[in-house]
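Below is one structure, written out as C-alpha cells; the observations come after it.
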Amino acid sequence: IDGTISCGGQSVSPGDLIVADADGVVVVPFGQLEGALAAAQAILAKEDRAMKAVAKGGSLADIYGVPKVELI
C-alpha cells in the first residue's frame with residue numbers, strides 16, 4: 001500500500017496518472033504531469049486547427065505538410 005509497483009513492466013508510483021483507452025494504457029509520473037498536460041493541450045489545439053481546415057476544404061496532407069509525390 002502506498003508504494004511503487006510494477007505492472008506490465010512499467011513502474012507505477014503513488015500519485016502517478018494512469019490513462020487508458022481502447023488503444024492502450026499510459027502512466028504519467030507525478031513529476032511530469034504539468035508537462036504532459038501542456039503537450040496534450042498542444043496536440044488537441046493542432047487537431048482542432050486541422051479539423052477546421054478540413055471543414056473549409058483543406059486536405060490533411062497539406063495541413064500536416066506531407067510532400068506531394070508524382071507517380072510516373
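In what follows, every heavy atom counts, from backbone to side chain, and hydrogens, waters and symmetry copies are set aside.
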Apart from Ile43 itself, members of its ILVMFWY cluster (side-chain separation under 4.5 Å) are none
Please identify each residue that fulfils side-chain contact (heavy atoms from CB on, under 4.5 Å) with Ser11, with sequence neighbours left out.
-> Thr4
Using side-chain contact (heavy atoms from CB on, under 4.5 Å) as the criterion, list what pairs up with Ala36, not counting sequence neighbours.
-> Val28
Side-chain donor-acceptor pairs under 3.5 Å in residues 61-68, sequence neighbours left out?
from	atom 1	to	atom 2	distance (Å)
Asp62	OD2	Ser59	OG	3.1

Output the rest of the hydrophobic cluster of Leu44: all Ile, Leu, Val, Met, Phe, Trp and Tyr residues reachable through side-chain heavy-atom contacts under 4.5 Å, sorted by chain and number.
-> none
Got a sec, which residues hit side-chain contact (heavy atoms from CB on, under 4.5 Å) with Val19, two or more places apart in sequence or on another chain?
-> Leu17, Val26
Donor-acceptor pairs are to be reported for all side-chain atoms of residues 45-53 against protein atoms at under 3.5 Å, with residues two or more places apart or in another chain.
from	atom 1	to	atom 2	distance (Å)
Asp48	OD2	Lys52	NZ	3.2

Is there any side-chain hydrogen bond (donor to acceptor under 3.5 Å, both in side chains) pair reaching into residues 16-27, and which pairs are they, with sequence neighbours excluded?
-> none
Linked hydrophobic residues, Val12 as query - side chain contacts closer than 4.5 Å | Ile5, Ile18, Val25, Val27
